[in-house]
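Convention: sequence-line order gives letters A, B, ...; per-chain numbering from 1.
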There are 2 protein chains.
Amino acid sequence: MNPKTIKTFNPRTGDFLDQNYILSNLNDLNEKVSDAQLAFMVYRNTSGNERAILLETIAEEIESVTEEILAITTLETGLHAGRIQGETVRTIGQLRLFAEVARKEFWLDAVIDTALPDRRPLPKSDIRKCLIPIGPVAVFGASNFPLAFSTAGGDTVSAMASGNPVIVKAHNSHLGTHECIAAAITRALERCNLPKGIFSSIIAKGNELGAALVQHPGIKAVGFTGSYSGGTVLLDLVSKRKDPIPFYGEMGSVNPIILFTSALKDPKTVSSLISSINLGAGQFCTNPGLILTIDSEATQSFCLRMTEAIEQCVGEVMLNKAIYDSYEANMAEISAEKSYTLLGQGTKVADALSVKPSLALTSGKKFLTHPKMGKEIFGPFSLIVSCENDNELSEILMKIEGQLTFSFMGQEKEFNEQAHLIALAKEKAGRIIFNGVPTGVEVGYAMIHGGPFPATTAPNSTSVGTDAIRRFARPVCYQDAPQSLLPMALKDNNPLEIFRKINGKWCQDKI
Amino acid sequence: MNPKTIKTFNPRTGDFLDQNYILSNLNDLNEKVSDAQLAFMVYRNTSGNERAILLETIAEEIESVTEEILAITTLETGLHAGRIQGETVRTIGQLRLFAEVARKEFWLDAVIDTALPDRRPLPKSDIRKCLIPIGPVAVFGASNFPLAFSTAGGDTVSAMASGNPVIVKAHNSHLGTHECIAAAITRALERCNLPKGIFSSIIAKGNELGAALVQHPGIKAVGFTGSYSGGTVLLDLVSKRKDPIPFYGEMGSVNPIILFTSALKDPKTVSSLISSINLGAGQFCTNPGLILTIDSEATQSFCLRMTEAIEQCVGEVMLNKAIYDSYEANMAEISAEKSYTLLGQGTKVADALSVKPSLALTSGKKFLTHPKMGKEIFGPFSLIVSCENDNELSEILMKIEGQLTFSFMGQEKEFNEQAHLIALAKEKAGRIIFNGVPTGVEVGYAMIHGGPFPATTAPNSTSVGTDAIRRFARPVCYQDAPQSLLPMALKDNNPLEIFRKINGKWCQDKI
């Protein structure tokens, strides 16, 4: 019997592409997890430098197929060439940044308490701790980031940087991209003489195999970027495991933007909001889906200018049929429902899965009682909420669910006058932005791409930036260990030359 | 109608004590959570110094009632005066250590990436992150640490140090101790002019109210120290929440000790093991319940000496009837079952809930197939496993469940020769001990009291030591925030004088 296969879809033509991709089965999955467990026994003992070289080699291998990626990814996702090129650069940059983190080893979080053999009534032991990798990690690729959050994306890179094998569940919207990147990773492993089991992937239709993956006893953590519905299904499956494991689900949000008077009047506000709403056809977890203001003349004029601007916009194609259908259904509902005023819509391109960018208006009162407002609508849509007064705006901020971001636009004076709103927002989000839009998530040391549920399932963590490396590690301490048995990070002579906390003080000292 | 009440039990006399304690109901619980939420709005904005003063004031208030504590706690728990005094000192020391951590603020984990306004193609924003408290925390007191892991114990102190209100579910074995400590905390809050809602507690019979507590939407994390059965019931309840929250359950383990030949021959090994087994009537989560060796003449002689030593031991009373019954049932099973050889038992004291310290022997082969060996027996019991050879010992280490600790006793040469065993143990435990016993958990900067499931439900965390403060915090980042709106930890002039990671480098610099 021939293996079962699946095709990807071209959102511009509305046709399936020619290539067949082989579906994995449960046997494949079990084999891949076994291979990952075996590979872990080697990979966990690699040095930071060895892992850095692997990540850099993956970056090189991806660099060598950027043309191929560009060709296949644009076809599969409907995303523009410029976007794919930018995301490829970001993915490669992310690999190199995590290589630097792995090489410098400072993420190991080394802490040393030296012994006090003469302490009374009991002597004090020498205790030293650092982080170690946790084991095979399952990563679910995201539809909207075919490169930076998929096969060699953020979760894969941070898990591999800290010494963990990865099993990717490929996203069915971009299987060609996936196979191209997976092959690049496999070539890099070969070049680095590392076990192949450090990276593998499965392709599956429906939820069954993904469920088996997150419930497999050999899997020690899960990284997911996607929708609330997909994320909560996986969360529920992970919760049913006998042994709890961390589930890092990033499920998007509406990313409220609060506009103070000066920003309402500033013409740049409209242009930056409109371009953020339309970026990548609005298919970003940081899309600004909610704009909060207090009603005034300035608000009304702002709404008029926003309406004009959205009507000038030409829509783009959506990533896949499910996302397209959901957006269209949401727009139909908003057009039909009295609680919303549809301010304006842009035009469609002729391509198959194209949609109209849209803008709606509601009142604070309606927002507070409506069951759906405040939920993410994935796509180029934003809802302006005009509140009666500051109290109503505060009430909305208290009621609103966990968010990835909260943005404030205005002048410093206004921020200080309304500091209570910023304090409320801080309790609900992972990133607070001043005079900027939420799209464009910098991959750096200080970035937090996270936030309280339902934005994520793990608010004490980030899925973008170097701190993501901690997701896939746990601490171990050594009591009175001989020098010969201590990991490099904890040896007296500090061979890694890292900062360590020694008896409560950060330093680069030897002991 | 009079409120329903409950009494505590004296394990030495076998009688209930006179005092009645009022049971809480669901209304009480809801009110306490509401108060905690309101208190959080004040408490989250306190400085590290203000929280340090609170913790120091609690320490003072507990110090002022040590006599009262000693009287009631010895009655309720059957623990010796020396143990209670030691634990009181430890509890006070822990409060003062966390005060130091709160005051120094280094736990805030401040990271700053400065802006690059001229970067091409896009300018880079200024991004700064630090930790913030997460909100009301539920803490479940432990039977075996009426002070250090109960009302003002590790979880309470680390949650309060980072700015979170706490609601304690008191342990029914030591309600007098609980009320004494709770009153001390309340007095401290009053002295510090802080909202009373920062600390509250409930007393409950059965599981219903504890279940309501961990499922309450206002609760943002749970700390638990206790049995596997109690921990997994709570884990299951927490898993059923709509919004996932961290559940830090520490559920004990058998803490395997691996003895190499030199240690088998060393007479000090027997004395240190026997005293560790009997410490606090064996009622420690770090009790050495499993001793692994490879069969040899030295092993046989070691077993004889261990048998003689255990027979010299006088047993102690257990903390409560449930623990007593469970230990007695386990000993009856071990005496009756052929897979175990009961090597010897000590004698009982005359007191009501007293038990006999016990030692059993089995083979590696039997251990590998027995369904219960390897599970914790709470009390003064240890099982020696004599393996046929190194392979069998490795097999046991591969099969064994997650542990709080693993200990190795021998000479450095033996450790290096058997480094593969240490590598296996590292994958299963939070602390690796060389030539020491697992009891005696130092409260320091480097301590990890944790480990893979089922030892804990959160292996990426510790329940003892200063790093526990991270349990109840989450990161937030600020993008392009004006100086006036940044928290102290992130301001340019570094007013807290903490180490920060600035553009990837640790330093104490201003910007």
*Asks:* How far apart are the closest heavy atoms of B/Asn460 and A/Arg474, and which atoms are they?
*Replies:* CA-CB, 3.9 Å
*Asks:* Between A/Pro475 and B/Ser461, which heavy-atom pair has the shortest distance, and what is it?
*Replies:* CD-N, 4.1 Å
*Asks:* Select one option (side chain, backbone, both, neither) describing which atoms of A/Leu235 are under 4.5 Å from chain B's heavy atoms.
*Replies:* side chain
*Asks:* Measure A/Phe453 against the heavy atoms of chain B and call it side chain, backbone, both or neither at under 4.5 Å.
*Replies:* side chain
*Asks:* Does a side-chain heavy-atom distance below 4.5 Å link A/Tyr478 with B/Lys426?
*Replies:* yes
*Asks:* Tell me, do A/Arg431 and B/Val476 make a side-chain contact under 4.5 Å, heavy atoms counted?
*Replies:* no
*Asks:* Find the one option among B/Lys124, B/Arg128, B/Glu427 whose heavy-atom pairs under 4.5 Å with chain A are most numerous.
*Replies:* B/Glu427
*Asks:* Under a 4.5 Å cutoff for heavy-atom pairs, which residue among A/Ile432, A/Asn45, A/Val111 has the most contacts with chain B?
*Replies:* A/Ile432
*Asks:* Measure distances from A/Pro459 to the heavy atoms of chain B and classify the residue's part below 4.5 Å as side chain, backbone, both or neither.
*Replies:* both
*Asks:* Is a side-chain N or O of A/Asp113 found less than 3.5 angstrom from the main chain of B/Gly444, in a donor-acceptor match?
*Replies:* no
*Asks:* Heavy-atom pairs under 4.5 Å with chain A are the metric here; pick the option from B/Cys130, B/Ala429, B/Ser407, B/Gly430 that has the most.
*Replies:* B/Gly430
*Asks:* Evaluate the side-chain proximity of B/Asn435 to A/Asp480: yes if any heavy-atom separation is below 4.5 Å, no if none is.
*Replies:* no
*Asks:* Would you mind checking which part of A/Gln508 comes under 4.5 Å of any heavy atom in chain B, side chain (CB onward), backbone (N, CA, C, O), both or neither?
*Replies:* neither
*Asks:* Could you go step by step and tell me if A/Lys501 and B/Phe106 meet the side chain to side chain contact (heavy atoms under 4.5 Å, CB included) rule?
*Replies:* CA-CA 10 Å; A/Lys501 204 192 283 160; B/Phe106 57 67; 3.4 Å; yes
*Asks:* Answer with side chain, backbone, both or neither: which region of B/Glu100 has an atom nearer than 4.5 Å to a non-hydrogen atom of chain A?
*Replies:* neither
*Asks:* Under a 4.5 Å heavy-atom cut-off, does chain B meet the side chain of A/Ala458, its backbone, both or neither?
*Replies:* neither
*Asks:* Side chain, backbone, both or neither: which part of A/Arg471 has a non-hydrogen atom closer than 4.5 Å to chain B?
*Replies:* neither
*Asks:* Pick one of side chain, backbone, both or neither for A/Lys242, based on which atoms fall under 4.5 Å of a heavy atom in chain B.
*Replies:* both
*Asks:* What part of B/Lys240 is in contact with chain A, defined as an atom under 4.5 angstrom from a non-hydrogen atom: side chain, backbone, both or neither?
*Replies:* neither
*Asks:* Write down the atom of A/Met447, the atom of B/Cys477, and the distance for their closest heavy-atom approach.
*Replies:* SD-SG, 4.2 Å
*Asks:* Please classify the contact of A/Phe40 with chain B as side chain, backbone, both or neither, using a heavy-atom distance under 4.5 Å.
*Replies:* side chain
*Asks:* Side chains of B/Leu485 and A/Asn416: closer than 4.5 Å at any heavy-atom pair?
*Replies:* yes
*Asks:* Please find the pair of heavy atoms, one from A/Glu412 and one from B/Ser484, that lie closest to each other, and give the distance.
*Replies:* OE2-OG, 2.7 Å
*Asks:* Most heavy-atom pairs under 4.5 angstrom with chain B, which of A/Arg44, A/Lys104, A/Lys220, A/Met41?
*Replies:* A/Arg44
*Asks:* Counting heavy-atom pairs under 4.5 Å with chain B, which one of A/Pro454, A/Gly450, A/Gly436, A/Pro452 comes out on top?
*Replies:* A/Pro452
*Asks:* Side chain, backbone, both or neither: which part of A/Asn503 has a non-hydrogen atom closer than 4.5 Å to chain B?
*Replies:* backbone
*Asks:* Is chain A contacted by the side chain of B/Ile433, its backbone, both, or neither, given a heavy-atom distance below 4.5 Å?
*Replies:* both
*Asks:* Has A/Lys399 got more than 12 heavy atoms of other residues, nucleotides or ligands less than 6.0 Å from its NZ?
*Replies:* yes
*Asks:* Would you name the heavy atoms of B/Phe415 and A/Pro482 that are closest together and state the gap between them?
*Replies:* CD1-CG, 3.9 Å
*Asks:* Is the closest basic N to carboxylate O distance between B/Arg470 and A/Asp109 below 4.0 Å?
*Replies:* yes
*Asks:* So with a 6.0 Å cut-off around CD of B/Glu497, is the heavy-atom count from everything else above 12?
*Replies:* no
*Asks:* Closest heavy-atom contact between B/Ser239 and A/Ser239?
*Replies:* CB-CB, 3.8 Å
*Asks:* Run the side chain to side chain contact (heavy atoms under 4.5 Å, CB included) check on A/Asp467 and B/Lys129 step by step: do they pass?
*Replies:* CA-CA 11 Å; A/Asp467 249 21; B/Lys129 73 132 187 157; 2.5 Å; yes
*Asks:* So that I can tick it off, tell me whether B/Arg119 and A/Glu442 are bridged by a salt bridge, with the cut-off set at under 4.0 angstrom between side-chain N and carboxylate O.
*Replies:* yes
*Asks:* Tell me, side chain or backbone of A/Ile422 under 4.5 Å from chain B's heavy atoms, or both, or neither?
*Replies:* side chain
*Asks:* Which word best sums up how the rings of A/Trp506 and B/Trp506 line up, parallel for under 30°, tilted for 30 to 60°, or perpendicular for over 60°?
*Replies:* parallel
*Asks:* Given heavy-atom pairs under 4.5 angstrom as the criterion, report whether the side chain, backbone, both or neither of A/Lys505 touches chain B.
*Replies:* neither
*Asks:* What part of A/Ala473 gets within 4.5 angstrom of chain B, counting heavy atoms only: side chain, backbone, both, or neither?
*Replies:* backbone
